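Order of listing sets the numbers, starting from 1, for every ligand and every atom in it. Note that the structure is a prediction, hence the values are computed from the model and not measured.
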Amino acid sequence: MTAIVLYCRPGFEKECAAEIQEKAAWNEVFGYIKLKKNQGLVEFHLYDEGQGDALMQKLPLKRLIFARQWFITLGDVIELPEYQRVEAIAETLGDEFRYEELRVESLDTNDGKALSKFTRKLSVPLRQALRKSGVLAAKESEDFVEGAAILHALFFSGQQVQLGYSYATNSSPHPMGIPRLKFPNAAPSRSTLKLDEAFLHFIPKGEREERLTSGLNATDLGSAPGGWTYQLVRRGMMVKAIDNGPMAESLMETGQVKHYQQDGFKFRPSKKNNYWLVCDMIENPIKVAKLMASWIIDGDCKEAIFNLKLMPGKARYQQVNKALQRIKDMLGEHEVWYEMYAKHLYYDREEVTVHIRALGKR
Ligand SMILES: C[S@@+](CC[C@H](N)C(=O)[O-])C[C@H]1O[C@@H](n2cnc3c(N)ncnc32)[C@H](O)[C@@H]1O
């Protein structure tokens, strides 16, 4: 079998499946889905196996909202012996292809997490063996050339592993697509990690100095108690924090935050020097989408990061698509040139994070 395997948040397999089927079909690639509920894994089995590799190159992973990471399978799941597992994997791989890096992975479930000690231990001799046989590059590289491949070994148990590969320039740099971020003790709420991850995901490393830098002005709608504001302040920005609720004293003491106890749907900055807009208000996603688009259209921000909170009981992939379409329609009508990406980030739950960057007028 040849399948594209996609990792997502457990419970979002249906959304991830609907999305890969739709976006593969746009590329005239068709297949059927296999998934197990709450495993955080979707298999897209290709009718024409020969199309898989091209799709892995043509369809940008960053265009998939619900998939955190993906790879294309190399053969079926391997049943490993009790001893000499490394040798068994190395033998299956042969020496025909060369990979730049190895990702030893497991599922984002309790069983998967319980395996992490085993996978961490095994990854050392496995890496050594594959380097020795020339299957794996001798050193990990920072910059990948087009076509560089990553080898994935997804362990379902100590006895079962699925091998596969992805392209380094079109996959997540994090195993299973999960960045491990440290919760900063000084942050007033855990949701701080959502904006930290969003910046990491949406803003390329080489551009952070310019786009996430001190001196920029930012507005945070629905800011209390200040987890998101903390991320802006930490990067040296001046923040207008909009919320009826109280902001953490520690943030107010920095002198970088001005708190407005106002309605986030009505507030607008008085000057056109605001760069970032971030918004974490728990509201109808269409209402939020319209608000975000209108800030971009009016020139009240250059970049926006916001959450679309998914409403229970409604098809979640459709909800996101509808909100994104509303933004596209509004920006299109006003002839705004922009880029927009959406991702169900690791620290997101019943919400999807969206990034819009205004690039000027057409
Ligand atoms: C999920 S919390 C935000 C958490 C915040 N991002 C953090 O990291 O600490 C949502 C906030 O949105 C605020 N909110 C909801 N509707 C609002 C509105 N119309 N105007 C301003 N704030 C609003 C709520 O008071 C609440 O504090």
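Between Ile33 and Gln21, the closest side-chain pair of non-hydrogen atoms falls below 4.5 Å.
Remark: the backbone N or O of Ser191 is paired with a side-chain donor or acceptor of Trp228 at under 3.5 angstrom. Of the possible polar contacts, one joining the Thr92 side chain to the Ala88 backbone as a donor-acceptor pair under 3.5 Å is found. Between the side chain of Lys328 and the backbone N or O of Ala323 there is no donor-acceptor pair closer than 3.5 Å.
Note on residues 153-166: pairs passing side chain to side chain donor-acceptor pair (under 3.5 Å), not counting sequence neighbours, are Asp53-Tyr165, Glu79-Gln160, His152-Ser166, Ser166-Ser171. Residue pairs meeting the side chain to side chain donor-acceptor pair (under 3.5 Å) criterion with at least one member in residues 201-220, sequence neighbours excluded, are Glu207-Arg211, Arg211-Glu303, Thr219-Asn274, Asp220-Thr229.
By the criterion of a heavy-atom distance under 4.0 Å, the backbone of Ser223, and not its side chain, is placed next to ligand 1. The backbone of Gln262, and not its side chain, has at least one atom closer than 4.0 Å to an atom of ligand 1 (non-hydrogen atoms only; backbone = N, CA, C, O).
Closest heavy-atom contact between Gly158 and Leu80: O-CD1, 3.8 Å.
Protein heavy atom nearest atom 22 (N) of ligand 1, with residue, atom name and distance: Gly222 CA, 3.7 Å. Looking only at heavy atoms of the protein, atom 17 (C) of ligand 1 is closest to Met281 SD, 3.4 Å. When only non-hydrogen protein atoms are considered, atom 6 (N) of ligand 1 lies nearest to Asp280 OD2, 2.8 Å.
Not a single N or O atom of Thr192, backbone or side chain, sits closer than 3.5 Å to an N or O atom of ligand 1. Residue-to-ligand polar distances keep Asn244 apart from ligand 1: every N/O pair is separated by 3.5 Å or more. Annotation: Ala224 places an N or O atom under 3.5 Å from an N or O atom of ligand 1; distance criterion only. In terms of N/O distances under 3.5 Å, ligand 1 is approached by Gly264. For ligand 1, the polar-atom distance check finds an N/O of Ser191 within less than 3.5 Å of one of the ligand's N/O atoms.
Residue Gly226 approaches ligand 1 through these ligand atoms, each under 4.0 Å from one of its heavy atoms: 7 (C), 9 (O). Of all the atoms in ligand 1, the ones that sit under 4.0 Å from a non-hydrogen atom of Gly227 are 7 (C), 8 (O), 9 (O). Distances below 4.0 Å separate heavy atoms of Phe265 from the following atoms of ligand 1: 19 (N). Contact atoms of ligand 1 toward Pro225: 9 (O) (distance under 4.0 Å to a heavy atom of the residue). Counting atoms of ligand 1 from 1 in the listed order, those under 4.0 Å from a heavy atom of Ser189 are 7 (C), 8 (O), 9 (O). Close contacts between ligand 1 and Asp263 involve ligand atoms 18 (C), 19 (N), 20 (N) [criterion: under 4.0 Å to a heavy atom].
Below 30°, between 30° and 60°, or above 60°: for Tyr260 and Phe267 the angle between ring planes is between 30° and 60°, a tilted geometry. Aromatic ring orientation, Tyr317 versus Phe66: perpendicular (interplanar angle above 60°, classes split at 30° and 60°).
Of the candidates Val278, Asp243, Leu291, Asp243 brings a heavy atom nearest to atom 27 (O) of ligand 1.
Neither side chain, Ser172 nor Arg103, offers a donor N or O lying under 3.5 Å from an acceptor on the other.
Remark: aromatic rings of Trp276 and Phe199 are close, center separation under 6.0 Å.
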